[in-house]
Amino acid sequence: MDLKDTGNDIEKVLFTEEQINQRLTELGDEISRDYEGEDLLLVGVLKGAIMVMADLSRKIHIQTAMDWMAVSSYGAGTKSSGVVRILKDLNEDLQGRNVLIVEDILDSGLTLAWLKANLESRGTKSIKIATMFRKPEAAKVHVDVDYVGFDIPNEFVVGYGLDYAEKYRHLPFVGTLAPHVYGG
């Protein structure tokens, strides 16, 4: 699916598939240097991080293990509720492990701050965060992020894992969703 297949649902493309791929290559190189000689567990946050986790993991040049966690603070709306629920917990033991949380987007920061604290309490050796997209203007709490793909405006965006009501996640680019779609 590409832009023409979305009708008038996408107002504008913010990042093309090529731009995303180039930035993932740069992030993969940086992560590989930072963790050279270390054990690394990538923890993807479902469902949004599926695309970035798959693509980023192939750009990292060291051995990694992967696990998935599903947490929710959105529901079907466009704003974070601030209430975090674990929908699927990790299978891997985190005791003494270097953990890299891989996220699609850092919006309010509420979910990611909660998740980082939760994982740290499990005895990790270290914990860092990689997010493909960050909305600095939307932050409600400060979260230290070690690897950022792109800073984006405080608009409702979809594509490359980001969805609205489980739609648009599969788009290979990121664009702003037209207000008529979500009633904004």
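For the numbers below, each heavy atom of this structure counts, side chains included, while hydrogens, waters and symmetry mates do not. Position 1 is the first residue of the sequence; numbering continues from there.
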Problem set entry | Member of Leu100, Ile129, Thr131 meeting the side-chain contact (heavy atoms from CB on, under 4.5 Å) criterion with Tyr147 | Leu100
Exercise. Could you give the distance from OG1 (Thr124) to CG (Asn98), rounded to the nearest 0.5 Å?
Worked result: 8.5 Å
Seminar exercise, completed: The complete set of salt bridge (charged side-chain N to carboxylate O under 4.0 Å, His left out) pairs with one or both residues in residues 110-124, sequence neighbours excluded, reads Asp89-Arg122
Exercise. How about Gln63: does its CD atom have over 12 heavy atoms from other parts shown lying under 6.0 Å from it?
Worked result: no
Seminar exercise, completed: In terms of heavy-atom contacts, Ser32 and His61 come closest through OG-N, 2.7 Å
Problem set entry | Arg58 side chain reached by Leu24 side chain, heavy atoms, under 4.5 Å | no
Problem set entry | Geometric class of the Phe156/Tyr164 ring pair [parallel <30°, tilted 30-60°, perpendicular >60°] | perpendicular
Exercise. Given the side-chain rings of Phe173 and Tyr160, with only the six-membered ring counted for Trp, is the space between their centroids under 6.0 Å?
Worked result: no
Exercise. Got a donor-acceptor contact below 3.5 angstrom from the Asp67 side chain to the Leu90 backbone?
Worked result: no
Problem set entry | Residue pair Val71 / Leu87, side-chain heavy-atom distance below 4.5 Å | no
For this session: Working to the nearest 0.5 Å, report the span between OH of Tyr35 and NZ of Lys128.
Result: 4.5 Å
For this session: Would you mind telling me which of Asp163, Val157, Asp9 makes a side-chain contact (heavy atoms from CB on, under 4.5 Å) with Tyr168?
Result: Asp9
Problem set entry | Within-4.5 Å side-chain heavy-atom neighbours: Met51 and Met132 | no
Seminar exercise, completed: Across all chains, not counting sequence neighbours, the side chain to side chain contact (heavy atoms under 4.5 Å, CB included) partners of Lys167 are none
Exercise. In Å and rounded to the nearest 0.5 Å, what is the OG to NZ distance from Ser108 to Lys140?
Worked result: 5.5 Å
For this session: Find the distance between CD (Glu103) and CG (Asp107) and round it off to the nearest 0.5 Å.
Result: 10.0 Å
Exercise. Are Met66 and Ser57 close enough that some pair of their side-chain heavy atoms sits under 4.5 Å apart?
Worked result: yes
Exercise. Is the shortest heavy-atom distance from the side chain of Trp114 to the side chain of Val141 under 4.5 Å?
Worked result: no
Problem set entry | Value rounded to 0.5 Å, distance of CD1 in Ile60 from CG in Leu40 | 6.0 Å
Exercise. Which atom names give the shortest non-hydrogen contact between Leu106 and Gly109, and what distance separates them?
Worked result: CD1-CA, 3.4 Å
Exercise. Arg134 pairs by salt bridge (Lys or Arg N to Asp or Glu O under 4.0 Å) with which of Asp151, Asp146, Asp144?
Worked result: Asp151
Exercise. Does a side-chain heavy-atom distance below 4.5 Å link Leu14 with Thr176?
Worked result: yes
For this session: Write down the atom of Met53, the atom of Leu42, and the distance for their closest heavy-atom approach.
Result: CE-O, 3.4 Å
Exercise. With a 4.5 Å limit on heavy-atom distance, are the side chains of Thr64 and Leu41 in contact?
Worked result: no
Exercise. Hey, is Glu166 close enough to Lys47 for a salt bridge, meaning N to O under 4.0 Å?
Worked result: yes
For this session: Go through Leu119 and Ile101 one step at a time and tell me if the side-chain contact (heavy atoms from CB on, under 4.5 Å) criterion holds.
Result: CA-CA 9 Å; Leu119 298 184; Ile101 300 171; 3.8 Å; yes
Exercise. Side chains of Lys59 and Thr25: is there a donor and an acceptor less than 3.5 Å apart?
Worked result: yes
Problem set entry | Closest non-hydrogen atom pair between Val174 and Phe133, with its separation | CG2-CZ, 3.3 Å
Problem set entry | Listed once per pair and sorted, the salt bridge (charged side-chain N to carboxylate O under 4.0 Å, His left out) pairs that draw on residues 20-35, sequence neighbours left out | Arg23-Glu26
Problem set entry | Donor-acceptor pair, side chain of Gln19 and main chain of Thr16, under 3.5 angstrom | yes
For this session: Determine, stepwise, if the pair Val181 / Ile10 fulfils side-chain contact (heavy atoms from CB on, under 4.5 Å).
Result: CA-CA 9 Å; Val181 176; Ile10 306 298; over 6 Å; no
For this session: Might you point out which heavy atoms bring Ala138 and Asn154 nearest each other, and give the distance in Å?
Result: CB-OD1, 3.5 Å
Exercise. If you measure from OG1 on Thr111 to CD1 on Ile105, what distance do you get to the nearest 0.5 Å?
Worked result: 11.5 Å
Exercise. So do the side chains of Arg169 and Val158 get within less than 4.5 Å of each other, counting heavy atoms only?
Worked result: no
For this session: Please name the pair of heavy atoms, one in Ala70 and one in Leu46, separated by the smallest distance, quoted to 0.1 Å.
Result: CB-CB, 4.0 Å
